[in-house]
Amino acid sequence: MKKNLFLIFVGISIVIFASIRIASNNTIYYYTTTEANYLSSTSDERIKLGGFVVSNSVKKGELGATEFLITDGNVTMKISFDGFIPELFQDEMGVILDGYFSDDIFYSDDMLVKHDNEYISEDGEVYDVENYSEW
């Protein structure tokens with residue numbers, strides 16, 4: 001009886017441990033612009049920075065980099081992005097950037113864009129992608 005109880009406990013522990021490892025490997029942690037404001041701006045350490053693109057701030061900068069501002073509603077930061085820009089990138093869109101700070105500018109070469117769960121087909125039909133249902 002005690003041996004069976006011990007084996008059940010070990011089995012449950014292994015399942016819990018594996019679930020936590022899988023979840024932590026698939027989670028993206030990032031700083032908001034407010035949190036990143038307190039980080040050292042001279043460090044070359046790469047971090048992930050998240051926020052929303054400020055309206056009408058996107059422009060082509062020097063050497064082909066795209067420059068724009070992001071905010072979390074409290075602090076606004078200047079971004080210099082030199083990489084592939086996803087098709088969904090636009091004003092007021094949520095983004096997560098991977099890069100580093102230098103001279104109060106965040107230099108990034110990798111971007112994830114948060115998109116909504118709405119899809120509009122070519123014929124104008126609106127679909128809720130999350131629930132796979134037609135509106």
Side-chain angles (χ1 to χ4, degrees):
M1 172 92 172
K2 286 186 178 184
K3 186 177 181 180
N4 289 340
L5 191 58
F6 177 74
L7 290 175
I8 290 171
F9 176 73
V10 169
I12 290 172
S13 298
I14 290 172
V15 169
I16 290 172
F17 176 76
S19 299
I20 291 171
R21 289 289 299 218
I22 290 169
S24 67
N25 289 339
N26 292 324
T27 303
I28 298 174
Y29 297 102
Y30 63 89
Y31 291 97
T32 64
T33 55
T34 300
E35 294 168 336
N37 194 38
Y38 296 108
L39 297 176
S40 171
S41 63
T42 59
S43 172
D44 286 341
E45 179 183 350
R46 289 184 69 88
I47 64 166
K48 293 192 184 306
L49 177 67
F52 293 92
V53 178
V54 175
S55 294
N56 302 315
S57 68
V58 180
K59 64 181 178 184
K60 269 300 194 202
E62 298 176 16
L63 304 174
T66 303
E67 296 179 351
F68 55 95
L69 302 173
I70 66 169
T71 185
D72 64 357
N74 296 317
V75 175
T76 301
M77 293 193 162
K78 184 174 183 178
I79 308 297
S80 178
F81 181 76
D82 187 21
F84 174 75
I85 296 181
E87 288 183 28
L88 295 174
F89 179 77
Q90 62 186 357
D91 288 349
E92 299 180 9
M93 181 66 66
V95 295
I96 298 175
L97 303 159
D98 186 14
Y100 62 93
F101 281 103
S102 180
D103 300 326
D104 294 326
I105 298 174
F106 190 76
Y107 292 91
S108 175
D109 56 6
D110 189 27
M111 178 190 309
L112 295 173
V113 176
K114 183 188 179 318
H115 59 85
D116 59 9
N117 292 323
E118 185 177 294
Y119 172 75
I120 301 174
S121 66
E122 290 179 10
D123 62 357
E125 296 263 354
V126 178
Y127 299 91
D128 180 3
V129 176
E130 185 174 312
N131 298 323
Y132 301 105
S133 63
E134 194 172 334
W135 284 21

Novice: Distance from Asn74 atom CG to Asn37 atom CG, nearest 0.5 Å?
Specialist: 10.0 Å

Novice: Please answer: with hydrophobic residues joined when any side-chain heavy atoms are less than 4.5 Å apart, are Leu69 and Phe81 in the same cluster?
Specialist: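 Result: no, two separate clusters.
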
Novice: Is there any salt bridge (charged side-chain N to carboxylate O under 4.0 Å, His left out) pair reaching into residues 85-96, and which pairs are they, with sequence neighbours excluded?
Specialist: none

Novice: I'd like to know whether the aromatic ring centres of Phe101 and Tyr31 sit less than 6.0 Å apart in this structure.
Specialist: no

Novice: Membership question, hydrophobic clusters at under 4.5 Å side-chain separation (ILVMFWY): are Ile14 and Phe6 in the same one?
Specialist: yes

Novice: Can you tell me how far apart CZ (Phe106) and CG (Asp98) are? Round to the nearest 0.5 Å.
Specialist: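 It comes to 6.5 Å.
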
Novice: Which one of Ile79, Ile70, Thr76 satisfies the side-chain contact (heavy atoms from CB on, under 4.5 Å) criterion with Val54?
Specialist: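 Among Ile79, Ile70, Thr76, the one that satisfies the side-chain contact (heavy atoms from CB on, under 4.5 Å) with Val54 is Thr76.
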
Novice: Is it the case that over 12 heavy atoms from other parts of the model lie below 6.0 angstrom from the CZ atom of Phe52?
Specialist: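 Not more than 12 within 6.0 Å, no.
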
Novice: To the nearest 0.5 Å, tell me how far Thr71 OG1 sits from Met77 CE.
Specialist: 9.5 Å

Novice: Which pair of non-hydrogen atoms, one from Glu35 and one from Tyr30, has the smallest distance, and what is that distance?
Specialist: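 Heavy atoms of Glu35 and Tyr30 come nearest at OE1-O, 4.0 Å.
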
Novice: If I take atom CG from residue Leu112 and atom CG from residue Leu88, how far apart are they, to the nearest 0.5 angstrom?
Specialist: 11.5 Å

Novice: Tell me every residue that passes salt bridge (charged side-chain N to carboxylate O under 4.0 Å, His left out) with Asp109, counting only those two or more places apart in sequence or in another chain.
Specialist: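 For Asp109 the salt bridge (charged side-chain N to carboxylate O under 4.0 Å, His left out) partners, ignoring immediate neighbours, are Arg46.
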
Novice: From Lys60 NZ over to Thr66 OG1, what is the distance, rounded to the nearest 0.5 angstrom?
Specialist: 3.5 Å

Novice: Given side chain to side chain contact (heavy atoms under 4.5 Å, CB included), test Gln90 with Val58 step by step and report yes or no.
Specialist: CA-CA 8 Å; Gln90 62 186 357; Val58 180; over 6 Å; no

Novice: Restricting to salt bridge (charged side-chain N to carboxylate O under 4.0 Å, His left out), what partner residues turn up for Asp72, sequence neighbours left out?
Specialist: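 Listed in chain order: nothing, the list is empty.
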
Novice: Measuring from Ile12:CD1 to Leu7:CG, what's the distance to the nearest 0.5 Å?
Specialist: 11.0 Å

